There are 2 protein chains.
Amino acid sequence: MTQNADPSQSTTKRYRTPDGVPADIVMFTLTKRERKTVTKTLPIRELKVMLIRRKSWPCAGMWALPGGFCRESESIYDAATRELKEETGVDGGHLEYLGVYSDPGRDPRGWIISHAFYALVEEWMLEHRQAADDAEEVGLFTVSQALDELELAFDHRRIILDAYRQIQQQMLQTTIAKQFLPEEFTLSELYQVIQTVVPEFKEPNFIRKITSTRSRQGILEEVRNEDGKPVSSNQYSQRPAQLYRFTDHTPLLSMYT
Amino acid sequence: MTQNADPSQSTTKRYRTPDGVPADIVMFTLTKRERKTVTKTLPIRELKVMLIRRKSWPCAGMWALPGGFCRESESIYDAATRELKEETGVDGGHLEYLGVYSDPGRDPRGWIISHAFYALVEEWMLEHRQAADDAEEVGLFTVSQALDELELAFDHRRIILDAYRQIQQQMLQTTIAKQFLPEEFTLSELYQVIQTVVPEFKEPNFIRKITSTRSRQGILEEVRNEDGKPVSSNQYSQRPAQLYRFTDHTPLLSMYT
DNA sequence: GTAATAGTGTCTATAAGACATTATCCC
DNA sequence: GGGATAATGTCTTATAGACACTATTAC
């Protein structure tokens, strides 16, 4: 079949058309819990995903990704943006397309083709949800909890798994780490964020590599005040640490060079 | 709106549903043209994309990506696989998902949400198309021709541009180069293929880097015969060159290490 | 002072980058 | 032998990787 086929004839039931095209969002957040130690230290961070317990058929009682159906007047991305806004009550948060989930029978309601997104939001943005719609149960789970311990609706386990892999890859190959950090941060914080999302990541000489290898120079820049003096912070350590921020530059990686 | 909304009620016209969900394929091929020189040399390679000239409304006369509508009994990926098979007459060819294109009004026929794929096929696979359906005009264009010189249907220019960027990135970060090469190949061939797809790629010491840096050791392996002797080929050069093949290993790249 | 984390010194092995040189074939 | 491409030698500089060491703060 080629695209010359005319689906406007679907009104005459010549073709079956989908029953709905939702956008589902894997909402990640990096929780930050202060440690109650005698001395200054980095908080404990954990990667979590927000899920909603379904109340009605289908998959009643199971945990599912927040989502909503796309309207004719908007693109799928618009729908996801709108949904994210409705869930968090604020604009903002990093939203990215993940993929399409269209296996026949994936949704007992009919021919439902779902578009998955993942969002990186701040923890406080999720509190709105709990207040706004207290009729629905909302949960924040670690990724391994979600994947291994919960009963998930539809093919949402697969989606969460795909999103997790995607975010891990992006954490290493792009600068999305900035979504989980304040504008200015220390290198220990950055390292901790990377390790929280990608536990396998180990780099003993992290500070030195970032600061003194030319090929990585462009990624970060030192924060300086008006006088050009380096700015540091002792929020998380006894000895103050230099603050950095991301530049706009993302290097193009290659396995051949 | 949350996913509790029930789209099965769309039969009662409570919700508008899409009029069709096609899969469109950006079919890339790397053409290979022998040079008529006195001495052995690499062929001229060019990255091309296959397009079809539309005969009927909408966008009649314009060039468009091959594609077809998805059926209820198959996933989008299935539909693309089927379409690729119909276009080329053979199974095979690398097929990968690119993204969803859903801007309102992108297709005058109605609410049509298109899913773009890109395929890497061999040149001979495209000849079938010309023979099979000679009623439709088929064209092979370089990417810059397609982007700059042709009048393209729908949002297909955007799709081709996205696919081009994607394939360039993948050429450097994955081993898709193998899709454009025979099982066994020389390093000059590999280098040429990379450069054809990513003209900016320059690496004077390419051979040495591949063969003598530990971090890249895993990507390729030397071809050896039964006796363990290295196998070389003089197909494209006077002095025979060592043959290589890709291993299953694709390194995980990181901008921080 | 001590504890704690930030950051540097130092040394070795490996890799990058730029050329020059040699090797192996075709003609 | 001459021409062409493959592959290695060589030299300089940069980076990786491992640890020991110094620096700056809190308490």
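Keep in mind that what you see is a predicted model, and the values were worked out from it rather than measured. Below, read A as the first sequence line, B as the second, and so on, with proteins coming before strands; counting in each chain starts at 1. Atoms considered below: every heavy atom in the structure, side chains included; atoms not considered: hydrogens, waters and symmetry mates.
Listed candidates were D:dT15, C:dT24, D:dT24. Nearest to the side chain of A:R239 is D:dT24. Relative to the side chain of A:K40, the nucleotides D:dT5, C:dT24, D:dA26 differ in distance, and D:dA26 lies closest. Listed nucleotides D:dA16, D:dG3, C:dG7 differ in distance to A:R216; the shortest reach to its side chain belongs to D:dA16. Taking the side chain of A:P240 as heavy atoms from C-beta on, and the options D:dA7, D:dA18, D:dT24, the nearest nucleotide is D:dT24. With C:dA15, C:dA6, C:dG17 as the candidates, the nucleotide lying closest to the side chain of B:T213 is C:dA15. Listed nucleotides D:dA6, D:dA4, C:dG7 differ in distance to A:Q242; the shortest reach to its side chain belongs to C:dG7.
Nucleotide D:dA14 holds its C1' atom 13 Å from the NZ atom of A:K209, rounded to whole Å. One can place CZ of A:R208 at 14 Å from P of D:dA20, the figure rounded to the nearest angstrom. Nucleotide D:dA4 holds its P atom 12 Å from the CZ atom of B:R35, rounded to whole Å. Here the P atom of nucleotide C:dA6 and the CD1 atom of A:I210 are 15 Å apart, to the nearest Å.
Counting only N and O atoms by type, the side chains of A:Y101 and A:D24 include no donor and acceptor under 3.5 Å apart. Looking only at atom types and distance, the side chain of B:E96 has a donor-acceptor partner in the side chain of B:Q170 under 3.5 Å away.
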Quiz item: Can you list the steps and then say if A:Y118 with A:Y164 is a ring pair (Phe, Tyr, Trp, His ring centres under 6.0 Å)?
Solution: CA-CA 9 Å; A:Y118 63 94; A:Y164 182 49; over 10 Å; no
Working note: B:F206 + B:I194, criterion side-chain contact (heavy atoms from CB on, under 4.5 Å); need CA distance, chi angles, decisive distance, verdict. CA-CA 11 Å; B:F206 185 72; B:I194 298 172; 4.1 Å; yes
Next on the checklist: If you apply the rule side-chain contact (heavy atoms from CB on, under 4.5 Å), what do you find for A:L65 with A:L51, and how did you get there?
Outcome noted: CA-CA 5 Å; A:L65 296 170; A:L51 298 173; 3.7 Å; yes
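Listed pair A:N234 / D:dA26 meets the phosphate criterion, a side-chain N or O lying under 4.0 Å from OP1 or OP2. The shortest distance between the side-chain N/O atoms of B:R214 and the OP1/OP2 oxygens of C:dA16 is not below 4.0 Å. OP1 or OP2 of C:dA6 has at least one side-chain nitrogen or oxygen of A:S188 nearer than 4.0 Å.
Residue side chain A:N205 reaches the base of D:dA18 through a donor-acceptor N/O pair under 3.5 Å, judged by distance alone.
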